[in-house]
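See structure below.
Position 1 is the first residue of the sequence; numbering continues from there. Quick note: numbers below take in every heavy atom, side chains included, and nothing from hydrogens, waters or symmetry partners.
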Amino acid sequence: MSVSIPEKGLPNREALWEFLKNHNYRAESAYEAEKAGKKLVFLFYDQESYGDRTYYYCEEDNEVYSNYFSIGD
């Protein structure tokens with residue numbers, strides 16, 4: 001199943017939430033997924049109150065992964 005993701009990622013949080021309704025979200029970090037050899041496509045960069053989260057999609061396993069950067073780090 002091929003998924004169409006815009007070149008610059010999803011346009012907003014609402015689009016991200018819709019995407020997540022139809023795809024599994026993994027607790028495993030995107031860093032770990034890449035280290036394991038998975039090919040990830042950028043989905044969305046979300047600025048949160050205490051840090052930022054970046055979401056990525058892996059078509060191989062139909063999973064969404066993310067990385068979180070805390071302001072305090």
Side-chain angles (χ1 to χ4, degrees):
M1 173 171 83
S2 183
V3 175
S4 178
I5 299 170
E7 186 176 324
K8 293 183 180 181
L10 301 173
N12 53 44
R13 273 190 186 143
E14 291 75 24
L16 174 65
W17 301 145
E18 282 302 312
F19 192 88
L20 291 174
K21 285 181 187 177
N22 298 305
H23 299 85
N24 296 324
Y25 180 66
R26 298 281 301 234
E28 180 183 348
S29 77
Y31 293 125
E32 294 300 319
E34 282 185 315
K35 280 175 52 177
K38 296 184 186 286
K39 295 179 184 172
L40 304 180
V41 175
F42 173 75
L43 275 181
F44 189 71
Y45 172 72
D46 195 9
Q47 295 178 309
E48 300 176 354
S49 298
Y50 296 101
D52 301 327
R53 184 172 300 277
T54 309
Y55 295 85
Y56 299 90
Y57 175 68
C58 177
E59 191 170 320
E60 299 169 64
D61 60 11
N62 198 38
E63 303 274 352
V64 175
Y65 298 87
S66 71
N67 289 324
Y68 181 74
F69 298 99
S70 172
I71 291 173
D73 290 348

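- Tyr68 and Thr54 share no side-chain donor-acceptor pair at under 3.5 Å.
- There is a path of hydrophobic side-chain contacts, each under 4.5 Å, that joins Phe44 to Val64.
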Apply side chain to side chain contact (heavy atoms under 4.5 Å, CB included) to the pair Leu20 and Leu16, showing each step before the final yes or no.
CA-CA 6 Å; Leu20 291 174; Leu16 174 65; 4.0 Å; yes

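- Residues Tyr56 and Ile5 are members of separate hydrophobic clusters, defined by side-chain heavy-atom contacts under 4.5 angstrom among Ile, Leu, Val, Met, Phe, Trp and Tyr.
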For Tyr65 and Ser29, what are the C-alpha separation, side-chain angles and deciding distance, and is it a side chain to side chain contact (heavy atoms under 4.5 Å, CB included)?
CA-CA 6 Å; Tyr65 298 87; Ser29 77; over 6 Å; no

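- A donor-acceptor pair is defined here as one N or O able to donate and one able to accept, closer than 3.5 Å; no such pair exists between the side chain of Glu60 and the backbone of Lys38.
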Audit row: Glu59, Val41, side chain to side chain contact (heavy atoms under 4.5 Å, CB included) steps and yes/no:
CA-CA 8 Å; Glu59 191 170 320; Val41 175; over 6 Å; no

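- Residues Pro6 and Leu10 come closest through the heavy atom pair CD-CD2, 4.1 Å.
- Without hydrogens or angle criteria, Asp46 side chain to Arg13 main chain gives no donor-acceptor distance under 3.5 Å.
- Contact between Arg53 and Tyr25 at its shortest, heavy atoms only, is NH1-OH, 3.6 Å.
- Contact detail for Asn62 and Asn22: the closest heavy-atom pair is ND2-O, 4.4 Å.
- Taken to the nearest 0.5 Å, the CD atom of Glu7 stands 11.5 Å off from the CZ atom of Phe42.
- Note that NZ of Lys39 is 13.0 Å distant from CG of Asp61, once rounded to the nearest 0.5 Å.
- Cys58 SG to Arg26 CZ: the interatomic distance, rounded to the nearest 0.5 Å, is 9.5 Å.
- Here the closest heavy-atom approach between residue Leu40 and residue Ala30 is recorded as CD1-O, 3.6 Å.
- With hydrogens and angles left out, the side-chain atoms of Asp52 and Tyr45 include a donor and acceptor closer than 3.5 Å.
- Taking the six-membered ring where the residue is Trp, Tyr57 and Phe19 present perpendicular rings, their angle passing 60° and hence far from 30°.
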